[in-house]
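Below, read A as the first sequence line, B as the second, and so on, with proteins coming before strands; counting in each chain starts at 1.
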2 protein chains.
Amino acid sequence: MTRNSPPDVGQKIKALRTQEKLTLDGLAKMSGVSKSMLSQIERGLTNPTLGTLWSLTQSLGIDIASLLDDSESAGDTAPEITVTKAYETPEIQSADGLCALRILGPIDLVSKTEWYDMRLEAGGCLDSEGHASGTTEHLTVLEGVLNVRIGGKVQTIEAGDTARYQADVPHKIENKGQNQARALMLVLAP
Amino acid sequence: MTRNSPPDVGQKIKALRTQEKLTLDGLAKMSGVSKSMLSQIERGLTNPTLGTLWSLTQSLGIDIASLLDDSESAGDTAPEITVTKAYETPEIQSADGLCALRILGPIDLVSKTEWYDMRLEAGGCLDSEGHASGTTEHLTVLEGVLNVRIGGKVQTIEAGDTARYQADVPHKIENKGQNQARALMLVLAP
DNA sequence: GGCTTTGGTTCACTATATTGAATTTTTTGC
DNA sequence: GCAAAAAATTCAATATAGTGAACCAAAGCC
């Protein structure tokens, strides 16, 4: 469900102000926004300007984006633990069968974060097109040795090492060694 | 470094509009904001009202909070691979030495995403206070068996399984088994 | 009781965000 | 090249966000 009117910043600001034990006057002084304006904003009977909101958030020590963020104060969903069993975990295999990816992230999620348990047989490789601009990839090798190739560059990653790189251009992960390799791969969208 | 003036919404809006192949006129019509206003906002020579920003974000199909969010659109850093060697990877140990966390995420990053390679000796446990509201944790067991305890609930997680839960309340991860356990832990802020 | 102080709301005025029409600039066709 | 069309910018007028002072209400304090 999505809102059809601007978020009610008034309430939030008032809450924050009282939380800080600030008087209407006090916040007015330190933010440079007039007391009367503040009063009206808090009661929702005016339509504040980006500039004044900015001043207020600065004095309240919060991020302006978070002020407008409608993720209501703490979902009150009862503490729940959901378990994805090993056999339920989705797995992708490459055509040659040398590369397998187990998707560890939640499926439902239109997430900005994806992560995988990757297994590469000797000689296997994972070829990726570029993802969305700004995406970074983090590859931690758990067992074996891997090469990361991106643009002209190549890097060798051994067990325990982590490689980080921009994933918005084509890149390649190869297992040039004699043994199976296993790694954790994290893809972070901006 | 924090900004000392409101975020430049103009540029962002223009970028979004052109991305959608919308004309100034077009967006004006569908949002109800006048064409002239739009033009001025995009060029940053006015201080728009929360209301008008709301209308615009609605028509552009984005969240108003994200509009004000200053996570710059994609650094154009040249393709680089940075490697954190195993011995450079920061490791945290519990007082009793039964629990060790290797921090796999980048250090610099004031990231919304943190992840760890966790090792729990038999009998060891990791006690967490609640993180920021809305935070979720994803725990994939690589070896051994672990218990997750949160509120009154307990869940047993075996090798290959993944547990997901709200991490904004105190929670506990225990190794009740006879053998060392190893797991991957991901903490996602909202 | 009345006097003072403190936190908040209303009021009259000013500054400016917003508008619709006119104008300029850019694009597209011939 | 020049016209016609489309897109973006200026301009004068209006609505309203923002201000400071006056006003009201409640809480000390003598």
Side-chain angles (χ1 to χ4, degrees), chain A residues 2-70 73, chain B residues 2-70 73:
Chain A
T2 205
R3 257 284 173 15
N4 55 358
S5 63
D8 180 8
V9 293
Q11 286 199 201
K12 272 197 184 172
I13 290 182
K14 180 164 191 177
L16 285 164
R17 176 174 64 82
T18 52
Q19 222 169 76
E20 302 275 341
K21 299 230 199 308
L22 274 171
T23 168
L24 215 48
D25 229 13
L27 181 54
K29 292 256 177 57
M30 62 189 295
S31 66
V33 175
S34 77
K35 177 166 62 158
S36 47
M37 191 41 0
L38 234 183
S39 169
Q40 296 180 55
I41 292 176
E42 289 191 351
R43 286 174 297 153
L45 35 91
T46 193
N47 175 10
T49 247
L50 178 59
T52 70
L53 285 184
W54 172 257
S55 309
L56 291 177
T57 56
Q58 286 300 97
S59 301
L60 288 169
I62 64 160
D63 179 36
I64 187 166
S66 77
L67 181 69
L68 305 202
D69 194 6
D70 260 351
S73 41
Chain B
T2 204
R3 258 270 178 23
N4 55 357
S5 61
D8 182 8
V9 295
Q11 285 199 203
K12 272 197 184 172
I13 290 181
K14 180 162 189 176
L16 285 164
R17 176 173 64 81
T18 51
Q19 221 169 75
E20 302 276 340
K21 298 231 199 309
L22 274 171
T23 166
L24 217 47
D25 229 13
L27 180 54
K29 291 256 177 59
M30 62 189 296
S31 65
V33 174
S34 77
K35 176 167 60 161
S36 46
M37 188 47 351
L38 234 183
S39 168
Q40 296 182 56
I41 291 176
E42 288 192 349
R43 284 174 300 150
L45 35 91
T46 192
N47 175 10
T49 253
L50 178 59
T52 69
L53 286 184
W54 172 258
S55 309
L56 291 176
T57 55
Q58 286 300 98
S59 301
L60 288 169
I62 64 159
D63 177 36
I64 187 167
S66 77
L67 179 70
L68 304 201
D69 195 9
D70 258 353
S73 44

Where do A:Met30 and A:Leu22 land on the side chain to side chain contact (heavy atoms under 4.5 Å, CB included) test, with the steps shown first? CA-CA 10 Å; A:Met30 62 189 295; A:Leu22 274 171; 3.9 Å; yes
Would you mind reading off the distance between [X] atom [atom1] and [N] atom [atom2], rounded to a whole angstrom?
{"X": "B:Lys21", "N": "D:dA7", "atom1": "NZ", "atom2": "P", "answer": "13 Å"}
{"X": "B:Leu27", "N": "D:dA8", "atom1": "CG", "atom2": "P", "answer": "11 Å"}
{"X": "B:Asp25", "N": "C:dT26", "atom1": "CG", "atom2": "P", "answer": "18 Å"}
{"X": "A:Leu53", "N": "C:dA17", "atom1": "CG", "atom2": "P", "answer": "13 Å"}
{"X": "A:Leu50", "N": "C:dT18", "atom1": "CG", "atom2": "C1'", "answer": "15 Å"}

Would a 4.5 Å heavy-atom cut-off, applied to side chains only, mark [X] and [Y] as touching?
{"X": "A:Leu56", "Y": "A:Ile41", "value": "yes"}
{"X": "A:Ile13", "Y": "A:Leu53", "value": "yes"}
{"X": "B:Leu16", "Y": "B:Thr57", "value": "no"}

Taking Watson-Crick (N1-N3 plus N6-O4 or O6-N4) and G-U wobble (N1-O2, O6-N3), each under 3.5 Å, can you produce the dot-bracket string of DNA chain D? Use [ ] for crossing pairs and | for inter-strand ones. |||||||||||||||||.||||.|||||||
Would you say [N] has OP1 or OP2 under 4.0 Å from some side-chain N or O of [X]?
{"X": "B:Thr52", "N": "C:dT18", "result": "yes"}
{"X": "A:Arg43", "N": "C:dG8", "result": "no"}
{"X": "A:Arg17", "N": "C:dG8", "result": "yes"}

Choose from D:dG18, D:dT10, C:dG8 the nucleotide whose nearest atom is closest to any side-chain atom of A:Leu24.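 Shortest atom-to-atom distance from the side chain points to C:dG8.
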Can you tell me how far the [atom1] atom of [X] sits from the [atom2] atom of [Y], to the nearest 0.5 Å?
{"X": "B:Lys12", "Y": "B:Ser66", "atom1": "NZ", "atom2": "OG", "value": "6.5 Å"}
{"X": "B:Lys14", "Y": "B:Asp8", "atom1": "NZ", "atom2": "CG", "value": "11.5 Å"}
{"X": "B:Leu60", "Y": "B:Arg17", "atom1": "CG", "atom2": "CZ", "value": "9.5 Å"}
{"X": "A:Leu68", "Y": "B:Leu68", "atom1": "CG", "atom2": "CG", "value": "5.0 Å"}
{"X": "A:Met37", "Y": "A:Thr46", "atom1": "CE", "atom2": "OG1", "value": "4.0 Å"}

Enumerate the protein-to-nucleotides 14-16 of chain C contacts in which both atoms are nitrogen or oxygen and the separation is below 3.5 Å.
none

Does B:Thr49 reach the main-chain N or O of B:Gly51 with its side chain, forming a donor-acceptor pair under 3.5 Å?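 A pair under 3.5 Å: no.
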Proximity to DNA chain C (any heavy atom under 4.0 Å), residues of residues 28-42 of chain A only: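 Heavy-atom contacts with DNA chain C come from A:Lys35, A:Ser36, A:Ser39.
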Looking at B:Lys35, B:Glu42, B:Arg43, which one forms a side-chain hydrogen bond (donor to acceptor under 3.5 Å, both in side chains) with B:Ser39?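 Result: among B:Lys35, B:Glu42, B:Arg43, B:Arg43 is the only option passing the side-chain hydrogen bond (donor to acceptor under 3.5 Å, both in side chains) with B:Ser39.
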